[in-house]
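First comes the structure, then the notes that go with it.
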Amino acid sequence: MTFLTGWGRTAPTPARLARPRSAEEVAELVRRAPGRGVAARGLGRAYGDAAQNSGGLVLDCTALTSWSLDESSGLVTAAAGLSLHDLMTALVPRGWFVPVTPGTRHVTVGGAVAADVHGKNHHADSSFGAHLRSLTLVTADGGCRTLTPESELFWATVGGMGLTGVITEAVFRCVPIETSRMRVDVERTRDLDHTLETMTATDDRHRYTVAWIDLLASGGRMGRSVLTRGDHASRDELPRGADPLAFAPASRLKAPPWAPNGLLNPVTVRAFNEAWYRRARPRTGLVQGLSPFFHPLDSVDGWNRVYGSHGFVQYQFVVPFSEEATLRRIVSRLSAEGVVSFLTVLKRFGPGTPGMLSFPIPGWTLALDIPAGRRGLAVLLREFDGWVAEAGGRIYLAKDSRMSAGTAAAMYPRLGEWRKVRDEVDPGGVFRSDLARRLGL
């Protein structure tokens, strides 16, 4: 038995851990599932309890790392335990990039499918599931099934948080690139309304966009932001003599093994926010590497430890484009309460996938991380839950660590449809997780 947590380092629970080395070993372990069931786990980057299974079996799938590339079409066949970091390291020098990447490279292909991850390009390219051609799934009876987008089980699995079976392989199409650099525009906005107006007017001009928001700014500066928009750079935009496809990402810093509780507080974060906002000088056509543009936090190994022993809560919600008032209400409340969030990002979502439990819908999504020891946090977030649900929005299951079952049911209208498909493929409830128990899935 070993104790496991999510990336937020809250609510550790014990489980028996197994590390299968092949799809056949996955199937055998599933056939011998204990009474508390089985959960699949990758690199542990779900923030909450999605890859925990208290008292049961957890399959660490990170030994499943085979992959292949069709150089003519960009079609990749990848085992579920392969990390996007390793895949990018291999693909970029060949002139290909993954279709969607979240804010870290350190997630597995299986995790990207199970959470139907999104990135800075959702408004242009949707989420990971939109680029899948097929999946291989080990089901509750130990069988191995190949699924395509024509299947209901396929769309119950995409975004299904690993509760329909163990994903062992995925086939998806990648994006051709000329270089390993980005052409980036940076702009500062004066307040939240200016941020929303600018993103609405300009996002469609760029493939990748994101806004960093200063949550501690108040009054007329509330919601001031740094907008970053980018596209893949062409060869002729690089300096003479530069290797166009050089790519060797690595962590340059390492967080200390422990950090004092309270290190991130209104004083330290306000100072950081002020410095970050002033440092972001407006510019156009800045040539930047892939890593600093897509994965700045990956440069610090173990950055989640800076929140101290209590860990942190990541809260990400989306509301439809017609519900900007709800977004303003939440940002205003966070600002008034002086809530500390080291990293707060706003994005615009385009159309989602047919995934029954997939998170993105067309609208505004805000993600923030808050030290878990903050007094009154649970009450505040429950209030936000109600506002988001009333607006027709939802909370991201891959980030959640504290939502209630009733809230989840109110936010995910296709939950009943998903349960019907799941019950057909897993009538005995073999696949379980702490998240599934908490939300009554």
Side-chain angles (χ1 to χ4, degrees), residues 7-8 10 47 103 120 186-199 209-228 259 261-280 296-297 300 303-304 306-308 310-319 323-349 363-388 391 393 395-396 399-402:
W7 189 243
T10 59
Y47 284 75
K120 294 178 174 68
V186 179
E187 182 177 354
R188 292 191 299 214
T189 61
R190 59 183 177 270
D191 56 29
L192 183 60
D193 285 343
H194 186 207
T195 303
L196 301 182
E197 291 167 6
T198 304
M199 293 180 74
T209 72
V210 67
W212 167 88
I213 292 184
D214 180 0
L215 271 190
L216 291 178
S218 57
R221 302 184 306 161
M222 187 195 77
R224 69 175 182 174
S225 305
V226 176
L227 303 185
T228 308
N261 294 321
L263 176 63
L264 298 180
N265 59 62
V267 174
T268 59
V269 174
R270 184 173 281 110
F272 171 84
N273 287 358
E274 185 66 30
W276 188 262
Y277 185 80
R278 291 185 178 278
R279 177 178 177 271
L297 285 177
V300 182
W303 63 264
N304 59 336
V306 302
Y307 291 85
H310 298 304
F312 70 100
V313 173
Q314 172 96 181
Y315 188 77
Q316 182 172 3
F317 67 89
V318 59
V319 291
E323 295 292 337
E324 286 81 4
T326 300
L327 175 63
R328 291 188 187 95
R329 188 181 184 190
I330 291 175
V331 171
S332 177
R333 182 66 177 277
L334 290 165
S335 176
E337 295 276 347
V339 173
V340 169
S341 173
F342 180 64
L343 185 67
T344 306
V345 295
L346 177 71
K347 294 192 288 284
R348 292 175 74 247
F349 280 162
W364 299 98
T365 180
L366 185 73
L368 54 147
D369 48 48
I370 308 169
R374 187 188 192 277
R375 183 176 299 176
L377 179 60
V379 174
L380 182 66
L381 294 185
R382 279 199 298 271
E383 188 172 17
F384 290 172
D385 290 349
W387 297 350
V388 171
I395 293 168
Y396 193 15
K399 302 284 185 71
D400 177 58
S401 61
R402 29 72 50 202

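By convention here, the first residue in the shown sequence is residue 1.
- A heavy-atom distance below 4.5 Å is found between the side chains of R328 and L196.
- Side-chain contact between M222 and S332 is present, with at least one heavy-atom pair separated by less than 4.5 Å.
- L377 contributes atom CG, which lies 9.5 Å from atom CZ of R382 (distance to the nearest 0.5 angstrom).
- Rounding to the nearest 0.5 angstrom, the gap separating the OG1 atom in T195 from the CG atom in L327 is 9.5 Å.
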Apply the test side-chain contact (heavy atoms from CB on, under 4.5 Å) to residues L227 and M199: give CA-CA distance (whole Å), side-chain angles for both, the deciding distance (0.1 Å), then the verdict. CA-CA 8 Å; L227 303 185; M199 293 180 74; 3.8 Å; yes
Just do the side-chain contact (heavy atoms from CB on, under 4.5 Å) check on D385 and R402 with the steps written out, would you? CA-CA 10 Å; D385 290 349; R402 29 72 50 202; 2.6 Å; yes
Taking it one step at a time, do F384 and L380 satisfy side-chain contact (heavy atoms from CB on, under 4.5 Å)? CA-CA 6 Å; F384 290 172; L380 182 66; 3.7 Å; yes
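- Residues A391 and E323 share a closest heavy-atom pair of O-CG, 3.4 Å.
- Within the 4.5 Å cutoff, no side-chain heavy atoms of V331 are placed close to those of L346.
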For a salt bridge (charged side-chain N to carboxylate O under 4.0 Å, His left out) check, start with the C-alpha distance between E274 and R224, then their side-chain angles and the critical distance, and finish with the verdict. CA-CA 11 Å; E274 185 66 30; R224 69 175 182 174; 2.7 Å; yes
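- A distance of 9.5 Å separates CG of L343 from CH2 of W212, quoted to the nearest 0.5 Å.
- Of all heavy-atom pairs spanning N304 and W7, the tightest one is ND2-O, 3.0 Å.
- Among all heavy-atom pairs drawn from I213 and S225, the shortest one is CG1-OG, 3.3 Å.
- Across V340 and N265, no two heavy atoms sit closer than the pair CG2-C, 3.5 Å.
- Taking the six-membered ring for Trp and the full ring otherwise, the centers of F342 and W276 sit at least 6.0 Å from each other.
- Here the shortest heavy-atom pairing between T10 and A372 reads CG2-CB, 4.0 Å.
- Using a 4.0 Å cut-off between a side-chain N of Lys or Arg and a carboxylate O of Asp or Glu, D214 and R188 do not qualify as a salt bridge.
- K347 is listed as a side-chain neighbour of V210, based on a closest heavy-atom distance under 4.5 Å.
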Run the side-chain contact (heavy atoms from CB on, under 4.5 Å) check on I330 and V319 step by step: do they pass? CA-CA 11 Å; I330 291 175; V319 291; 5.9 Å; no
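- With hydrogens and angles ignored, the 3.5 Å screen pairs no side-chain donor or acceptor of T189 with any backbone N or O of E187.
- Within the 4.5 Å cutoff, the side chain of R374 has heavy atoms near those of the V339 side chain.
- Each of V313, V345, L215 was checked for a side-chain contact (heavy atoms from CB on, under 4.5 Å) with L368, and the lone residue meeting it is L215.
- Applying the side-chain hydrogen bond (donor to acceptor under 3.5 Å, both in side chains) test to every pair with at least one member in residues 334-344, sequence neighbours left out, gives these pairs: R333-E337, S341-T344.
- Side-chain contact check for D369 and Y307: at least one donor-acceptor pair (N or O, by modelled atom type) lies under 3.5 Å.
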